[in-house]
Amino acid sequence: MSTPAVVALATIALVGLASAIIGSIGVRVARTTSDFLVASRTVGPAANASAISGEYLSAASFLGIAGLILREGLDALWYPIAFTVGYLALLLFVAAPLRRSGAYTVPDFAEARLESPRLRRLCTVFVLIIGWLYLLPQLQGAGLSLTTLTSLPSWTGVAGAGVVVVLTVIGGGMRSITFVQAFQYWIKLTALLVPALVVGSLFLSDSHTFDRPASPQFPAATTVDIRTDVVLEVAAPVTFSARGEIDGRTVDGPVRWESGEHVVRAGSELRFEAGTGVPNVAGTPATDQDWLQPMSGTGPDQLLEIYSILIAGFLGTMGLPHVLVRFYTNPDGRAARRTTVVVLGMIGGFYLLVTLLGALSRLYTPQLLVSGQTDAAVLLIPSGALGNGWAGWLLGGLVAAGAAAAFLSTSSGLVVSLAGVLFTDVLTGRFRDFRLAAVISSIIPIALALAVTRLDFALTVPLVFAVAASTFCPLLVLGIWWRGLTATGAIAGVLVGGGLSAIAVGVSLFAVLPPGLLGVLLYRPAAATVPAAFLTMILVSRWTRSQVPVDVDRTMLRLHAPERLGLGTDRLEQPRADR
Amino acid sequence: MSTDTDGAPPSVSPGPQDGPGPPSLAEVDTEADSASGAAGLPSGSSWLQEEMRRRMAANRSSGGGRHARREGVDRPGVEHYLDRGPGPAPSPAASGAPTPASRPLLTSWVPDPYSPSGLRPPPAAGPVDESSRRLRLAAPGSRPAPPDAARPAPGAGAAPPDGSLPASDGRSPAPNPSGLRANAPVTPASPLPAVAPAPTSVEVTTPHVNGLFTSSVPTPRPAPLSSGPGFPPPTAVPPTAVPPTAGSSPADEVTADPDSGDAPTPESDVAAKRVRVVLSERKGVARSVRTVVDVQELTPVGELRTNLIGTQLAVALRVAAVAGLTLGLLPALFALVPAIGRIEVLGLRLPWLLLGVLVYPFLLGLGWWHTRSAEKVEQNFADHVQD
């Protein structure tokens, strides 16, 4: 194993170890069910904001967005914006009332508001679906990182991350996870800040510019292994040597490509000299100038896609179970609101760095454009910019630590929230079962992650957001602000939104998408499914007006009145009999 | 509580849920207060007001902990009112209202502590004591003492109250504002004014004891119903319902009885309300009494609640509109005016500057703006309710 690989492994192990130690400190204070589920509702705004940011900034954010920017340019900036603006929506419509509901999971909120056990069960199902769907790319991200950095097989990363996650969660539940995640946010920020400063200053001292009518160039002689079939596009003729199957012919030697598209089969090896123009995956901006411009794709389709991403992010964040559950740990609604504002700042700062690194990776790691493994951009940028030496290795190790923190924190946050739901709604009993629930909720996605081939973060993560936005968002927003919502309406809306978006997910993952607007809608379903879910919920609620809970006004007041009026309740401390 | 409407309270009330203990007590307490207040008004309003002031002060001073509980209790009542919110909003002044309404809520809430501590000792014993103690305080203080004058009225049975009412009327208007507690004493007065408009429901012939309330009651029926169902059936119900008829079964009643002694006085009022619940025969009268109180009490708070949610929604939508318009128009702008993509600002392309850098402070600013506005709204609401 090479030196950089050892450095990276060592730092990843350090992060895992530090997380375990911090988690075990939490174990000593975790005694009650409330500790496990909602950290006894004692987490202040700053700590909770760190934890939320740490948990939210997943491998998709740490690795995926920079890769998207590398590949798609300006248009990829809408992804981090959508992921951030989701917290604004959460703050505006959900944070404080959700905390004041006294609920401790999303299904519990649904039942508290609408008094329907059926709705509760339905929500439980969707929490599990969303959670597992979201865990999948996280765990596979761990595999990708390990493979990229150390060339170990990717299953080791998946399994290793899974084990660490289960151990931390079992150790102390939400109480200790809070500390671990807060710690991991700062790790992630450091792991981006240092490379951003170093590489950024390198960039400024150079005379590089992005404003060129040509594709990026390889900074040094580079060999690219093609691991999956790919269609490449070149803007200007290129010459390189290759071995493998290209454009349907087996070649071994020099190849010249004219402008246009070329098919390369998996297993091929392409060798480019320094200064050669970089071919890019078909469908992405070929020249740096295009890459700099907005709307590099085809007009209306791309506009629809951007809006769909924005809607999914804006409304989907509030539907992610691991994010929501964190708001239950605040002491009151006011703290929940302040937490969200701090989160907006923390996440914004993080994405600022991601954007910078993503843009710089266009200069320093263009070979990823050829292989299509753009998700590895952040991992490779230190060695790409600093070359082969201890400076590059150490910086690479730091980035690896950040990546490890990213998939560990999101995964453990997801597992905690899923275990909380399993624990209260599926399993019965007390303490022991929480650990069992944690194991169950992580084993299933680990198995899936090992069985399914890895997909781009850019594909999977927005799909999860779309499902969340089509199910929990209407439920939460209407439940909190509209007294006319009925249980039947909520169930119908969740089923319609969830069903439509699930179909879209299935088609985009396993089938070939039709071209045009329909294809975009299947690939980015939020623009259609979210309005459909809202509409269904409202219409059915009006039809079943008589089912509006009799004490709806009391419930509504409790959601909105400040705590000092003494209206609140903590459902966790109510006798279980009424659940 | 739906039982109330049914007129078969006793069955509901009960048994199993002794739980109501604390809440019920609280209710009783409040009721007694209000009642006493009503009674007292005629004669020694000043005395009452003083008492009220004292209590309010006490309330405020007691931030959390034990005393907090009491506040909490009242609040729940408030909540209850909310249900009716839209209902007739006669004289907001209705002070007495809080009590009845609160009661059901109280019971239901009991399990969950109002107080952050949350660990309220559930049941009867503790709370009972407190309540009884409170009652005494209220009773002696308010009723007996000031009271002679006031008392007589109640004593007269149903009728007397009326007499007292008029007197109170003069005063009542002033107090109306919004504070529940403060209003409470005042309440009696308010009813009367309400009476004048008398959208009164049904055939409520301002009868005896209830007279006060009845008069004010505007279309009471619906209200009670709504309120009733609202409450979780189990907890709260019992105490209130039971007392009316027999006047004594649960601890709550007991406490009340001693205090009232004279029965007819404020206590009697309470009893009357309950009675109506119990006996369907009483018809509109009894019901009306309760309704009136509820409505009066509820109305102001109900409006407040509607205001609170409406205002908060407006605040949220305002911020969302700013964010939505800004971010929503940008993609379209980029698509329609590609030239924007070539403008350079500070060495960066304008779109990169906007989407990569400036968005984040912008969103943070929006979040901060919203938090401040929302907290201000809550502050106003809380101040109103607590007045």
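Residue numbering restarts at 1 for every chain, and letters A, B, ... go by the order of the sequence lines.
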For [X] and [Y], work out which heavy atoms get closest and say how close.
| X | Y | answer |
| --- | --- | --- |
| A:W78 | B:L330 | CH2-CB, 3.7 Å |
| B:W352 | A:L77 | CE3-CD1, 3.8 Å |
| B:A332 | A:L303 | N-CD1, 4.0 Å |
| B:V357 | A:L352 | CA-CD1, 3.5 Å |

Spatial distance of atom [atom1] ([X]) from atom [atom2] ([Y]) [nearest 0.5 Å]:
| X | Y | atom1 | atom2 | answer |
| --- | --- | --- | --- | --- |
| B:Q312 | A:L559 | CD | CG | 12.0 Å |
| B:F362 | A:L88 | CZ | CG | 8.5 Å |
| A:H560 | B:T311 | NE2 | OG1 | 11.0 Å |
| A:I306 | B:L327 | CD1 | CG | 12.0 Å |
| B:T371 | A:R337 | OG1 | CZ | 6.5 Å |

For A:A95, is it the side chain, the backbone, both, or neither that has a heavy atom closer than 4.5 Å to a heavy atom of chain B?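 Interface part for A:A95: neither.
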
What part of A:P80 gets within 4.5 angstrom of chain B, counting heavy atoms only: side chain, backbone, both, or neither? both

Quick one, A:D75 and B:F334 - any side-chain contact, counting heavy atoms below 4.5 Å? no

State, with a plain yes or no, whether a side-chain heavy atom of B:L317 is found less than 4.5 Å away from one of A:F93. yes

What I want to find out is whether A:R334 reaches B:E378 closely enough, with some N-O distance under 4.0 Å, to be called a salt bridge. no

Answer key: most heavy-atom pairs under 4.5 Å with chain B among A:I69, A:V85, A:L310 is A:V85

Pick whichever of A:L356, A:L344, A:I81 has the most heavy-atom pairs under 4.5 Å with chain B. A:I81

Might you work through the side-chain contact (heavy atoms from CB on, under 4.5 Å) test for A:V341 and B:W369, ending with a clear yes or no? CA-CA 10 Å; A:V341 177; B:W369 176 35; over 6 Å; no

Looking at B:W368, I want to see if its CH2 is surrounded by more than 12 non-hydrogen atoms of other residues, nucleotides or ligands under 6.0 Å.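 No, the 6.0 Å shell around CH2 holds no more than 12 heavy atoms from other groups.
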
Count the heavy-atom pairs under 4.5 Å between each of B:V377, B:L366, B:L364 and chain A, then report the option with the highest count. B:L364

Part of B:V359 within contact of chain A (heavy atom distance under 4.5 Å):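 When you check distances to chain A, only side chain atoms of B:V359 fall under 4.5 Å.
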
Taking B:Y360 for the side chain and A:Y351 for the main chain, is one N or O donor matched with an acceptor at less than 3.5 Å? no

